[in-house]
Amino acid sequence: MLLVLHLALVGIWLGCVLTEALFERALLKTSRPNERILATLHKRVDIFIETPAFLCVLVTGAVMLAGTQPTLLLKLKISAALIAIVANVYCVYLVFERERAALAEDWALFDRLDHRQHQIGAIVLLGILAALGLGLALV
């Protein structure tokens with residue numbers, strides 16, 4: 001049952017990351033008012049959906065880990081998952097800072113933070129996909 005919950009949470013997290021990428025593509029570089037809306041929307045999604053999802057993935061994963069023997073494949077999966085989580089924590093920080101820059105209309109800072117956020121977001125996505133793939137190889 002815990003595995004099902006864990007996988008559902010991973011699905012929510014992955015779906016959230018992909019959805020954010022879609023609204024980033026739809027609103028970014030369209031206009032500064034749209035970028036301000038984007039920054040606020042992205043922050044809200046991070047607060048209410050993405051962060052709770054990846055924190056719950058961390059907790060459910062840790063609980064399941066307590067009852068298993070760590071194989072090399074499992075250690076690789078955990079490493080990929082932890083990379084994704086740490087990168088996502090940093091990405092959330094960047095999202096908050098990007099919104100602050102948008103609200104202050106500091107567009108040079110916004111653009112720098114936006115670029116960095118997308119770089120780190122790619123690491124999050126790759127980490128999730130790697131952990132999910134390795135996890136599927138374990139079953």
Side-chain angles (χ1 to χ4, degrees):
M1 184 66 178
L2 188 57
L3 177 59
V4 172
L5 175 61
H6 182 74
L7 291 173
L9 291 164
V10 170
I12 291 168
W13 182 22
L14 178 58
C16 185
V17 169
L18 294 173
T19 300
E20 287 172 337
L22 288 175
F23 62 69
E24 288 282 337
R25 293 289 176 212
L27 294 173
L28 197 62
K29 308 289 186 214
T30 58
S31 71
R32 291 305 189 183
N34 282 350
E35 289 179 331
R36 201 171 14 261
I37 291 167
L38 169 64
T40 299
L41 177 62
H42 198 146
K43 179 182 171 187
R44 287 181 184 164
V45 171
D46 279 7
I47 290 170
F48 295 111
I49 302 169
E50 187 171 3
T51 300
F54 74 71
L55 290 176
C56 288
V57 166
L58 178 65
V59 170
T60 57
V63 170
M64 287 188 300
L65 181 62
T68 62
Q69 292 295 329
T71 64
L72 177 60
L73 195 58
L74 181 59
K75 289 177 184 178
L76 290 171
K77 176 199 172 295
I78 292 167
S79 297
L82 289 175
I83 288 168
I85 290 168
V86 170
N88 213 150
V89 169
Y90 181 49
C91 202
V92 168
Y93 164 77
L94 293 170
V95 165
F96 277 59
E97 290 301 306
R98 184 179 72 159
E99 187 208 28
R100 199 177 338 256
L103 295 175
E105 297 193 10
D106 185 347
W107 298 112
L109 178 59
F110 175 93
D111 290 340
R112 287 193 305 275
L113 290 166
D114 180 74
H115 180 70
R116 187 70 175 146
Q117 175 203 322
H118 291 129
Q119 290 174 324
I120 302 302
I123 295 169
V124 173
L125 180 58
L126 292 173
I128 294 170
L129 293 174
L132 190 56
L134 289 163
L136 291 173
L138 288 167
V139 289

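In what follows, every heavy atom counts, from backbone to side chain, and hydrogens, waters and symmetry copies are set aside.
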Inset, instruction - Find out whether Ile78 and Leu82 are in side-chain contact, i.e. whether some heavy atom of one side chain is under 4.5 Å from a heavy atom of the other. - result: yes

Inset, instruction - Kindly indicate, with the supporting measurements, whether the criterion side-chain contact (heavy atoms from CB on, under 4.5 Å) is fulfilled by Leu138 and Thr71. - result: CA-CA 10 Å; Leu138 288 167; Thr71 64; 4.1 Å; yes

Inset, instruction - Assign the ring pair Phe54 / Trp13 to parallel, tilted or perpendicular, where the plane angle (0 to 90°) is split at 30° and 60°. - result: tilted

Legend entry - Hphob cluster co-occupancy, Val63 + Val10, side-chain heavy atoms under 4.5 angstrom: yes

Legend entry - Beyond-backbone contact of Asp46 with Asn88, side-chain heavy atoms, under 4.5 angstrom: no

Inset, instruction - Examine the side chains of Asp114 and His118 and answer whether a donor and an acceptor come within less than 3.5 Å of each other. - result: yes

Inset, instruction - Run the numbers on Leu74 and Leu65 for side-chain contact (heavy atoms from CB on, under 4.5 Å), then give the verdict. - result: CA-CA 9 Å; Leu74 181 59; Leu65 181 62; 3.9 Å; yes

Legend entry - Spacing of Glu97 atom CD and Phe110 atom CZ [to the nearest 0.5 Å]: 13.0 Å

Legend entry - Side-chain ion pair, Arg98 and Glu35, N-O less than 4.0 Å: no

Legend entry - Nearest-0.5 Å distance that lies between atom CD1 in Ile128 and atom CG in Leu14: 5.5 Å

Legend entry - Same apolar cluster (I L V M F W Y, side chains within < 4.5 Å links), Met64/Ile85: yes

Inset, instruction - For Cys16 and Val45, work out which heavy atoms get closest and say how close. - result: SG-CG1, 3.3 Å

Inset, instruction - Might you confirm whether atom CZ of Arg44 has over 12 heavy atoms from other residues, nucleotides or ligands at distances under 6.0 Å? - result: no

Inset, instruction - Measure across Ala87 and Ile120 and return the closest heavy-atom pair with its distance rounded to 0.1 Å. - result: O-CG2, 3.2 Å

Legend entry - Cluster overlap Val92 with Leu18, hydrophobic side-chain contacts below 4.5 Å: yes

Inset, instruction - Return yes if some donor-acceptor pair links the side-chain N/O of Thr40 with the main-chain N/O of Ile37 below 3.5 Å, else return no. - result: no

Legend entry - Lys75 backbone acceptor or donor facing Ser79 side chain under 3.5 Å: yes

Legend entry - Approximate separation, where rounding is to 0.5 Å, of Leu103 CG and Glu99 CD: 4.5 Å

Inset, instruction - Can you label the angle between the Tyr90 ring and the Tyr93 ring as parallel, tilted or perpendicular, going by 30° and 60°? - result: parallel

Inset, instruction - Please round to the nearest 0.5 Å and tell me the distance separating atom OG1 of Thr60 and atom CG of Leu3. - result: 9.0 Å

Inset, instruction - Side-chain contact test, heavy atoms from C-beta onward, threshold under 4.5 Å: evaluate it for Leu73 versus Lys77 and give yes or no. - result: no

Inset, instruction - Please answer: with hydrophobic residues joined when any side-chain heavy atoms are less than 4.5 Å apart, are Leu9 and Leu125 in the same cluster? - result: yes

Inset, instruction - Write down the atom of Ala80, the atom of Ala131, and the distance for their closest heavy-atom approach. - result: CB-N, 3.7 Å

Legend entry - Spatial distance of atom NE2 (His6) from atom CG (Leu58) [nearest 0.5 Å]: 9.5 Å

Legend entry - Donor-acceptor pair between His42 and Glu24 side chains, under 3.5 angstrom: yes

Inset, instruction - Quick one: pull up CG in Leu41 and CD in Glu20 and give me the separation to the nearest 0.5 Å. - result: 8.5 Å

Legend entry - Linked, directly or transitively: Leu94 and Ile49 (ILVMFWY side chains, under 4.5 Å): no

